[in-house]
Structure formats: C-alpha cells, structure tokens
There are 2 protein chains.
Amino acid sequence: MTKAREAALEILRNADEPQTAAAVFQQAGNSCDLATVYRTLHYLEKHGYAESFVLYCNEHGTERYYTALSSGNSGSSAHRHWFHCEGCHRFIEIGNCTVNSLAKEFEIEHNLSVSRHILYFIGRCSDCR
Amino acid sequence: MTKAREAALEILRNADEPQTAAAVFQQAGNSCDLATVYRTLHYLEKHGYAESFVLYCNEHGTERYYTALSSGNSGSSAHRHWFHCEGCHRFIEIGNCTVNSLAKEFEIEHNLSVSRHILYFIGRCSDCR
DNA sequence: CCTTCTTTGCAAATGACTTGCATTTTCAGC
DNA sequence: GCTGAAAATGCAAGTCATTTGCAAAGAAGG
Ligand SMILES: [Mn+2]
Ligand SMILES: [Mn+2]
Ligand SMILES: [Zn+2]
Ligand SMILES: [Zn+2]
C-alpha cells in the first residue's frame, strides 16, 4: 500500500457518495498525477478495496464512479447501489441490495455464473423535482 | 422518420442483443455516416423507440448499447435487462424486470422520482465458464 | 420553382482514460 | 544502513467512443 493508494482509499472512505477519478484527483490536492489516480483506482478495485460503475449523465457525460468497499478481507459491507439526481447530480444510497437473489435464480436457470451486477436509479431528488 | 432512422430502428428490432453505434453503422452497410448513426440513435431514444445503457467491458471498453423498445405508442414491452458474458461478449436477456417495485418504494421513502434505472449482470455464460 | 426547416456528410474537436518511457520509491536481503 | 531488483510515479503523447461546426442535400408547403 503506497502513499498515493492510501490517500485515494481514504478519500473514497470519507466520501458519502461515489467519486470520479477527477474528483479524487482534486481532493488529493493534485498531490499526484491524474494518471496515477487512475492506476491507483484500478489497483484498489482489483484488490477489493473499492468498486466502480459507469454512469452516463447529460451534464457530465460518461464517467466511472468509485466507492470504497469496507476492507477487502475483514469488513463485511455488501456492495451498494445508488440513485443519481439529474438535477443536482448528487447520489443517494439505495438500501439493501436485493439483486443477488435474482442473480442466483438467473445463474441456475441458465447454468452460468454472474460475477457482479450493476444497478442504479436515475431521477430527480426531493429538492430538484 | 427518415430513411436512416428507419434503417437503424429496423436493425435494433431485428437484433437479439443490444447493439453499439459501431455495430449499427456496420450493419447499415456504411450507408450513412457514423455521426448520423449517433444522431439517429439519440433521436430514437429521445422519442421512445429505443433505450440504452453504458457498459464497461475489459475487452471493448466503455460503450453505449441500444435496444429497440416496441413502438413508442402502441406496443407494450417493458424495458429489458441483460447479462453480459466476459468470455464471448454475448448478451442474454434477463427475465421480467423486478426493479420497478424497488424503485417505487425508494421514491416514497425519499420523496423523489425515479425516471429510469439501469441493471445488468456481468459474468460468464455456460459456454465460457 | 422558391423558401424554410431538417437532416446528413465530412472533418475537426472533445474528453475520459490509457500507455510508453525515463525517473523515483519501495523493500527484501545482505 | 546499503544495494539492486521490482514496483510505482510523473509527464507527455496516444487512443477511442462520441460530439460538433459547417456547408451541402432533402423534405415540406405554398
Ligand atoms: Mn450527473
Ligand atoms: Mn464485452
Ligand atoms: Zn437533486
Ligand atoms: Zn460466453
């Protein structure tokens, strides 16, 4: 765990919503190169410290968003899903992920394996409706 | 409905899985410009003839995939969700979308409105496991 | 025909993300 | 501590899906 990785992970952990590479870069105070931020996020995801999803929004286009995953080995956090507001572009966490059971059924039905799934809502939050 | 739009929509309707702009372009036999294909897909989505989602895959990177939506006014097709195989990159349709009820609950709980949602599975199909 | 509005082709631009390469860190073993 | 190989980083250039400006081609209506 290098300094840059520790820093990025801490930023994700303290964030209350998914963060783009650019956001992490900025919060890191430009203390390292953007390319390093990208490589760092890849590392964190690959090693189970974070997960990501791509989301398209009219205003910001297509970007990858990252969230911390509580400690690869110890912690138990199931992964999370989010609602994204098209007005203020904030994220709101969606409660318990009920997709796993659906995935299980699908796996059996088709004799295949689902390694992960992506789910998110798009709409307008109470402030922006 | 121009000729190019009709052609693109027909391609989406005949496809048994989501198509990228490049795929539509190619199937159209390069009969029109790629830029036109993009504009056409935007048109189809905006007017309820198609829907899309962005998906990231190691091999093809981040791309937008389109599917036909049975006829904006008449047809009744609820939208669909897909499983994407990381081995052969084929898509398999996931049965009935059970996310709407989840979205409804979320709307009430947070007093907001969910206009759409994105859900897909990633994994390996029976041929590729 | 003629005018006006929309669509298209072509080429250049955009922007998120990736990569090659030279330089710096990290860190295990001495 | 010192040393060398392996891993990480900065910087700059590249990639690639997607978008956009603009002028030419079509469509619609009178
Ligand atoms: Mn947004
Ligand atoms: Mn794929
Ligand atoms: Zn909002
Ligand atoms: Zn497969």
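A, B, ... follow the sequence lines: proteins, then strands. Residue 1 opens every chain. Atoms considered below: every heavy atom in the structure, side chains included; atoms not considered: hydrogens, waters and symmetry mates.
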Is there any protein nitrogen or oxygen under 3.5 Å from a nitrogen or oxygen in nucleotides 6-10 of chain D, and what are the pairs?
{"from": "D/dA8", "atom 1": "OP1", "to": "A/Arg5", "atom 2": "NH1", "distance (Å)": "2.6"}
{"from": "D/dA8", "atom 1": "OP1", "to": "A/Arg5", "atom 2": "NH2", "distance (Å)": "2.7"}
{"from": "D/dT9", "atom 1": "OP1", "to": "A/Thr2", "atom 2": "OG1", "distance (Å)": "3.0"}
{"from": "D/dG10", "atom 1": "OP2", "to": "A/Asp33", "atom 2": "N", "distance (Å)": "2.8"}
{"from": "D/dG10", "atom 1": "OP2", "to": "A/Thr36", "atom 2": "OG1", "distance (Å)": "2.4"}
{"from": "D/dG10", "atom 1": "N7", "to": "A/Arg39", "atom 2": "NH2", "distance (Å)": "2.9"}
{"from": "D/dG10", "atom 1": "O6", "to": "A/Arg39", "atom 2": "NH2", "distance (Å)": "3.3"}

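Judged by a 6.0 Å distance limit and a 45° cone about the ring axis, B/Arg116 is not positioned over the six-membered ring of A/Phe121.
A/Asn14 CG: more than 12 foreign heavy atoms inside a 6.0 Å radius. In this structure, B/Gln26 places its CD atom where only 12 or fewer heavy-atom neighbours from other residues, nucleotides or ligands lie under 6.0 Å away.
At a threshold of 4.0 angstrom between heavy atoms, the contacts of A/His60 with the nucleic acid are absent. At a threshold of 4.0 angstrom between heavy atoms, the contacts of B/Thr62 are confined to the sugar-phosphate backbone, with no base atom among them.
Note on the helix from C/dC1-D/dG30 to C/dC30-D/dG1: angle between the axes of the first and last five pairs equals 30°, rounded to 10 degrees.
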B/Glu86 and B/Arg124: salt bridge (Lys or Arg N to Asp or Glu O under 4.0 Å), yes or no, with the steps?
CA-CA 6 Å; B/Glu86 286 182 316; B/Arg124 300 205 147 246; 5.1 Å; no

B/His81 vs A/His117, ring-ring contact (aromatic ring centres under 6.0 Å, His included): CA-CA, chis, key distance, verdict:
CA-CA 11 Å; B/His81 296 295; A/His117 62 258; over 10 Å; no

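Atom CD in A/Glu63 sits roughly 14 Å away from atom P in D/dT19 (whole-Å rounding). In this structure, OH of A/Tyr38 is placed 18 Å from P of D/dT15, rounded to the nearest angstrom. When the P atom of D/dT18 is taken as reference, atom CZ of B/Phe53 falls 12 Å away, rounded to whole Å. One can place CD of B/Glu45 at 12 Å from P of D/dT18, the figure rounded to the nearest angstrom. The distance between atom CD of B/Glu59 and atom P of D/dC16, rounded to the nearest whole Å, is 14 Å.
Taking 4.0 Å as the cutoff to heavy atoms of chain A, we find the contact window on DNA chain C bounded by C/dA16 to C/dG20.
Across B/Val24, B/Thr20, B/Ile11, a single residue satisfies side-chain contact (heavy atoms from CB on, under 4.5 Å) together with B/Val37, and that is B/Val24.
Aromatic ring centres of A/Phe106 and B/Phe83 lie closer together than 6.0 Å.
The salt bridge (charged side-chain N to carboxylate O under 4.0 Å, His left out) test applied to B/Glu6 returns no partner, not counting sequence neighbours. In this view, B/His89 and B/His60, B/His84 satisfy the ring-ring contact (aromatic ring centres under 6.0 Å, His included) rule, not counting sequence neighbours. Remark: A/Tyr120 pairs with A/Phe53 by the ring-ring contact (aromatic ring centres under 6.0 Å, His included) rule, at least two apart or across chains.
Using a 30° and 60° split on the angle between ring planes, A/His47 and A/Tyr43 fall in the parallel class, below 30°.
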